[in-house]
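Residue numbers start from 1 in every chain, and the chains themselves are labelled A, B, ... in the order their sequence lines are given, proteins ahead of strands.
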Amino acid sequence: MSVRRKGPRATIVRVFTYLSLVSVAVVVIFPFVVAFATSQKPPTWSCSVEPLFLKNPKPLTPPSCCSPMTSM
Amino acid sequence: MSDTITTDTADSADAEAEPRNALGTGLGRQLKLLSLWHLVGAAVSVVGILLARRGGDIELPWMPRYALQGFFSFAFVAHMASAYGIGARARWVRPLSLAVNYLLTLVAAAATLHLFNAFRALGDLGEGLYKAFIPFGVICVGLLWVLLSGQMLTNRPTAVGPQRLRTAGWSVAGLASVWFVLKADPSGLILSIGDSLTRPLALGAIALTVGAALATRLMWSRAAAKHFGSTRATDEALSGLAFLSPNLLGFLIFFAFPLLFSLWVSFFDWDTTNTTRDFIGLENYIRALSIDFAHSSQSNSGTEVLKGGYQVLANLDWFGQHWVIGARDVEFWLSLKNIMVFLLLAVPLAVLPALVLSSVLASKLPGMKIFRTIYFIPSVAGVIGVAIVWGQMFDATIGWINYLLDLLGVSEAGQGQGWLTQPDTALLAMVIVFAWMSFGFNTVLYLAGHQAIPKELYEAAEIDGANTWQIFRRITVPQLRNTTFYVVITTSILALQLFDIVWILARPIAGGPNFATQTPVLTLYQEAFTNNRQGYASSLAWVLFIIIFSFTSFQFRRQRDEATSGGVS
């Protein structure tokens with residue numbers, strides 16, 4: 001695939017290609033981002049009903065659920 | 001040793017011409033001593049056999065008893081043969097005596113190190129290094145100066161500056177060494193060595209090591225090679241084996257022996273909580289693989305229609321007929337079913353995206369190196385850590401997967417799917433994690449395969465007007481056939497050995513819910529370490545080995561047939 005095409009269609013193909021690559025990259029990276037974000041939170045934040053990266057979340061009821069290990 | 005090993009056929013011819021009474025020379029006396037050494041070894045082996053066979057209160061458990069008897073019997077035969085061969089000047093005795101003495105040197109050296117607490121001293125050494133880290137760093141700096149000055153002196157041998165630098169380097173390293181010794185305080189180590197030196201057993205181990213090493217040295221020598229008429233081919237083989245021996249011995253001791261031992265164990269009713277082991281032949285295999293089909297007049301029949309000892313594996317309705325399938329070990333058969341489903345889903349998900357992505361990443365588009373790096377990250381991440389993160393993401397209440405599905409409107413808020421708690425989706429969750437972890441590495445393998453495809457093929461296809469899909473279908477895929485074969489085989493073997501992901505994700509009940517994620521390796525682990533049935537677990541391991549081996553052989557045969565028939569199109 002060493003020969004490059006030019007023109008509007010090639011541009012669309014290229015944009016689609018990059019979008020696909022970025023989508024896959026997001027899927028690949030996402031668990032690491034979650035892991036990093038979890039490492040920055042206090043234990044009680046890890047069990048929020050809405051999983052948020054760093055914002056102060058609504059705590060889960062009962063609030064004793066405080067660890068991703070025990071919540072699994 | 002390397003200076004002593006070269007002999008050739010001329011040497012061999014000289015040896016033939018040498019008079020038979022050469023044993024009166026220096027070499028002859030040494031060989032007489034070596035013969036005596038082997039006779040002593042044979043006598044010690046007999047003592048070893050008798051000690052291993054002793055009964056009464058000090059009777060050894062049966063396994064070490066038989067293992068030691070076998071070991072000393074082998075040693076006795078080898079020593080006696082060596083002693084006889086040296087006297088008879090047999091050509092075969094040199095390799096045999098070398099092997100015996102070399103192995104004896106290794107065993108005796110290991111015993112000596114153990115008796116001197118050398119293995120524990122490694123920990124003390126690390127502690128001492130920690131205490132004296134600064135002087136250690138200064139020593140390194142001093143030696144670095146010496147190295148640098150040496151490099152400078154090779155260009156300008158009479159230069160004063162590098163000579164002074166070298167002197168200063170040695171001085172710094174020497175002073176720092178004294179500082180290191182004072183700081184690290186090796187007095188405990190020295191006292192320990194001194195204490196060990198007073199023990200007869202430790203001294204005997206040293207003597208045995210030195211004696212065996214000297215015997216090895218003698219047999220390795222050119223004079224011995226000439227005396228026993230060794231050919232160049234024999235010497236080359238011995239040199240090769242000597243170089244190979246560290247790896248070969250490690251393989252035999254830590255891989256081949258446990259493997260064969262597990263085969264041996266699989267023929268026993270081997271309960272880890274009991275000392276008795278009953279030989280039961282193939283019973284473990286029969287129990288694992290036994291399956292029963294029974295016709296039933298009604299659907300969802302139970303064990304009443306099956307043979308005794310069988311449990312219901314599945315109820316089937318075929319063409320209006322009700323069938324019950326039973327097995328003696330239902331868990332193992334369920335694990336086989338699960339792993340086959342897992343294999344069929346996970347391997348395509350781990351291989352096909354890798355094939356497509358590698359074709360894009362192999363292009364000259366900007367930024368491809370960044371994407372390659374990103375895709376490879378899951379392959380280098382620890383399985384346990386990654387599985388814990390995915391477990392958190394799959395959580396029904398607080399997990400990201402359900403949260404994102406809610407945002408996209410795929411599911412109702414708060415009514416999220418219990419990915420890991422529902423039997424329908426638990427295995428699928430494992431498939432997703434496995435594919436996520438594997439596809440990056442497979443992509444790299446495919447990228448390596450892309451390098452071997454001739455660029456002229458793509459240029460010719462472009463000139464012929466082929467579109468991207470046609471190029472991919474007709475050039476890339478066939479040219480990557482060998483890579484695909486390797487990728488499919490390795491990914492399939494990994495899939496069939498699935499354990500760690502299930503172990504973490506299916507907690508608190510590994511294999512759950514309702515055996516939905518039970519895998520063969522998990523079953524054998526539970527049999528071995530939860531139910532303490534080592535014999536049965538070993539038989540499951542060998543059944544799994546046969547399955548993987550058959551699968552791999554089938555793939556190899558298919559690949560060979562395709563290659564001989566001109567490949568796929």
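- Ranked by non-hydrogen atom pairs under 4.5 Å with chain B, the options V13(A), V24(A), T17(A) are led by V24(A).
- With a 4.5 Å cut-off on non-hydrogen atoms, F439(B) touches chain A through its side chain but not through its backbone.
- A donor-acceptor pair is defined here as one N or O able to donate and one able to accept, closer than 3.5 Å; such a pair exists between the side chain of Y375(B) and the backbone of L21(A).
- Among all heavy-atom pairs drawn from V389(B) and P31(A), the shortest one is CG1-O, 3.2 Å.
- Contact annotation: the side chain of W400(B) never approaches that of V33(A) to less than 4.5 Å [non-hydrogen atoms, C-beta and beyond].
- Interface remark: I475(B) contributes no atoms to any contact with chain A (heavy atom separation under 4.5 Å).
- Within a 6.0 Å sphere centred on CG of L19(A), other residues, nucleotides and ligands contribute more than 12 heavy atoms.
- Taking the six-membered ring where tryptophan is involved, the planes of W436(B) and F32(A) are tilted, since the angle between them lies from 30° to 60°.
- The neighbour count for Y486(B) OH, taken as heavy atoms of other residues, nucleotides or ligands under 6.0 Å away, does not exceed 12.
- Contacts between L361(B) and chain A at a heavy-atom distance below 4.5 Å involve the side chain alone, from C-beta outward.
- For M437(B), no part lies near chain A; criterion is any non-hydrogen pair under 4.5 Å.
- More than 12 heavy atoms of other residues, nucleotides or ligands shown are found within 6.0 angstrom of CD1 on I493(B).
- Contacts between L357(B) and chain A at a heavy-atom distance below 4.5 Å involve the side chain alone, from C-beta outward.
- Atom CZ of F441(B) has 12 or fewer heavy atoms from other residues, nucleotides or ligands within 6.0 Å.
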